[in-house]
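Numbered from 1 within each chain, the chains take letters A, B, ... in sequence-line order.
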There are 2 protein chains.
Amino acid sequence: MSTTISPLSAHRNTSNGIADIRDLTRGQPIESLDAGEALAWQGDKATDIFEICGGALRLCRILPDGRRAILRFVFAGEFLGLAEGEDFPWTAEAINPVTFRRLRRSRFAAAVEQSPALNRAHVALICEELSAAHEQMILLGRKNAEERVASFLVAMMRRAGLDDVSGDVFDLPMTRLDMADYLGLTIETVSRIMSKLSRQGLIAARGRHQICGRNAGALRAIAEVDEEMCARPLMRRAA
Amino acid sequence: MSTTISPLSAHRNTSNGIADIRDLTRGQPIESLDAGEALAWQGDKATDIFEICGGALRLCRILPDGRRAILRFVFAGEFLGLAEGEDFPWTAEAINPVTFRRLRRSRFAAAVEQSPALNRAHVALICEELSAAHEQMILLGRKNAEERVASFLVAMMRRAGLDDVSGDVFDLPMTRLDMADYLGLTIETVSRIMSKLSRQGLIAARGRHQICGRNAGALRAIAEVDEEMCARPLMRRAA
DNA sequence: CGATCCCTTGACTTTTATCAATAAACGTGG
DNA sequence: CCACGTTTATTGATAAAAGTCAAGGGATCG
């Protein structure tokens, strides 16, 4: 079985000690956010970290001329703000109604100082984020539009737990524009490719925000241009 | 003064306690590598971390059909392998002759466990890497060819310490193909844009691997579509 | 049920990639 | 130090991919 970490699944709770971090937030009150509201703004002092309990967010940066890039989607069960410096380098907006818990960074830092296990969990989560970012750099730098959309759909299927199943339905809570800004495409290109994949029978739309996977294998074949096994160079370094 | 971390400068020794990590490698013997040789292969067990003492490396991934992506360039003074999991997710190749020190990961982990300062330095370095990866995602997803090349040149100028100076020469040790694979372009497009920037008097070539900055301001204007000040949204979240 | 927002599709433009030829830089050995 | 061969870079012509502009259609929500 492949251990490749795909952009979206990377943030999920694998067995990396995430439970230790969640213990810290357990006591905190649950707050909530309407769709479209921001949890934090780019440039804000990063005084808190967040555990997302329900819903989904997009982390975005806006260029001066209006271009927008989405750096990551954050889903229920994931954390936000673990890897930030003084200020948040993005604006975090709710895609749909979001519930979350908040923890003071100072408290988190103190707890990490006390517990090597917690510390390892913290580092592991940041490393997974970096790994996901690298995967996304490959997608943005070297994959074409069809491969990008397919990769995204496969990642969304995986995080819904539908790795190899066809015929199951999974959610796509974000808009086509969100997808476009995450994949480095325009909304029209995303739309055209979704239509093409439907026409080819790889997926079937169930309204705007649900997809029925029809041929997961074919989708993966388009997406996973980047399998580990193929990446090993031909000869090894001397000594 | 802006604190934006650009893709390349992010890895350099800011005052983040990198000295603590370097103390650990100081005793290690210096090894060396010819241009083109690999320091580590994708898929290798990541048993060591490396301090690069001289030269430069590229970290690359190859897609099955031959497409290549460069995830990062690593320069003298920087570390390699601090954020990796079980295996290296890239192949690290020497761009020019490289000297480096090697440290067992187990020893590094033990030292980190003992020293909160070292620990903070470790986390800070990984966070800078993530920040650089995010910056690169914006470049790859939302900047055009000219902006990408200009951003790259500005980053290389910065790490040479020539932030605002014009008329100074800086190195570009990698080939045009390396630049292309880092910037998500083809070698021809990189070449055309370099020629265009020369024609416009923003840079002047000194052989293949040296650039004389002629108008750093204009170059920055093209590159830095992404200034912090412009990124703040118009209204703030209620309460 | 109606208004709005979001998505889809089509026609056309622009950007970047591809293919091909030439030219410049670099390294090597005489 | 020069000449040659090899590698790397540049430039041009053309093709392909994705972007832009514009119109229409379908969801969704009050």
Side-chain angles (χ1 to χ4, degrees), chain A residues 34-36 58 63 65-69 93 95-97 139-153 171-200 203-211 222 225, chain B residues 34-36 58 63 65-69 93 95-97 139-150 152-153 171-200 203-212 222 225:
Chain A
D34 289 337
R58 57 177 171 252
L63 308 199
D65 61 356
R67 280 177 279 183
R68 186 182 73 157
E93 296 170 328
I95 286 172
N96 46 23
L139 180 147
L140 293 169
R142 283 290 174 248
K143 291 189 184 177
N144 66 28
E146 188 174 9
E147 290 161 349
R148 292 183 203 193
V149 172
S151 298
F152 180 74
L153 293 175
D171 287 331
L172 231 46
M174 66 292 294
T175 67
R176 297 286 186 269
L177 184 59
D178 289 336
M179 287 175 57
D181 287 341
Y182 182 63
L183 299 175
L185 301 169
T186 60
I187 183 173
E188 292 95 336
T189 299
V190 170
S191 187
R192 273 187 252 271
I193 303 245
M194 297 285 285
S195 299
K196 182 179 174 193
L197 295 176
S198 291
R199 240 178 291 123
Q200 295 176 333
I203 57 172
R206 284 247 179 297
R208 276 171 186 167
H209 294 298
Q210 285 196 319
I211 296 290
I222 298 174
V225 202
Chain B
D34 288 339
R58 57 179 171 250
L63 308 199
D65 60 356
R67 281 178 279 183
R68 185 182 74 156
E93 296 170 329
I95 287 171
N96 45 23
L139 180 147
L140 293 169
R142 282 291 174 248
K143 291 189 184 177
N144 66 27
E146 188 175 8
E147 291 162 348
R148 293 184 203 193
V149 173
F152 179 74
L153 292 175
D171 286 333
L172 231 47
M174 66 291 294
T175 66
R176 297 287 186 267
L177 184 59
D178 289 336
M179 287 175 56
D181 287 341
Y182 183 63
L183 299 175
L185 300 169
T186 60
I187 183 173
E188 293 95 334
T189 298
V190 170
S191 187
R192 273 187 250 272
I193 303 247
M194 297 284 284
S195 299
K196 183 179 174 194
L197 296 175
S198 291
R199 242 178 290 121
Q200 294 175 334
I203 57 172
R206 285 247 178 294
R208 274 172 186 166
H209 295 297
Q210 285 195 319
I211 296 290
C212 177
I222 298 174
V225 201

Notebook entry, point to check: Is the closest side-chain heavy-atom distance between L63(B) and R68(B) below 4.5 Å?
Noted result: no
Notebook entry, point to check: For every nucleotide of nucleotides 5-15 of chain D, 5' to 3': is a protein heavy atom under 4.0 Å from its base (B), only from its sugar-phosphate (S), or from neither (-)?
Noted result: --BBSBBBB--
Notebook entry, point to check: Any side-chain heavy-atom pair from L197(A) and I222(A) closer than 4.5 angstrom?
Noted result: yes
Note to self: So L172(B) and L153(B), do their side chains get closer than 4.5 Å, heavy atoms only?
What the structure shows: yes
Notebook entry, point to check: Would S198(A) and S195(A) satisfy side chain to side chain donor-acceptor pair (under 3.5 Å), going step by step from the backbone distance to the final call?
Noted result: CA-CA 5 Å; S198(A) 291; S195(A) 299; over 6 Å; no
Notebook entry, point to check: Is there a donor-acceptor pair closer than 3.5 Å between any side-chain N or O of E147(A) and the backbone N or O of N144(A)?
Noted result: yes
Next item on the list: To the nearest 0.5 Å, tell me how far Y182(B) OH sits from L177(B) CG.
Entry: 15.5 Å
Notebook entry, point to check: Would you say the side chain of V190(B) lies within less than 4.5 Å of the side chain of R148(B), judging by non-hydrogen atoms?
Noted result: no
Margin query: Quick check: on DNA chain D, is the nucleotide nearest A145(A) upstream (toward 5') of the one nearest R206(A), or the reverse? Name the residue that is more 5'.
Written below: A145(A)
Next item on the list: Answer yes or no: is there a donor N or O on one side and an acceptor on the other, between the side chain of R142(A) and the main chain of R67(B), under 3.5 Å?
Entry: no
Notebook entry, point to check: If we only count heavy atoms from C-beta on, is the K143(B) to L183(B) side-chain gap below 4.5 Å?
Noted result: no
Item checked: E146(A) CD to dA16(D) P, straight-line distance once rounded to whole Å -> 16 Å
Margin query: Below 4.0 Å from chain A heavy atoms, what is the first contacting nucleotide of DNA chain C and what is the last?
Written below: dC6(C) to dA11(C)
Next item on the list: Specify the angle, to 10°, made by the local axes at the two ends of the helix from dC1(C)-dG30(D) to dG30(C)-dC1(D) when five pairs are taken at each end.
Entry: 50°
Margin query: Using salt bridge (charged side-chain N to carboxylate O under 4.0 Å, His left out), reason through R206(B) and D171(B) one step at a time and then give a plain yes or no.
Written below: CA-CA 9 Å; R206(B) 285 247 178 294; D171(B) 286 333; over 6 Å; no
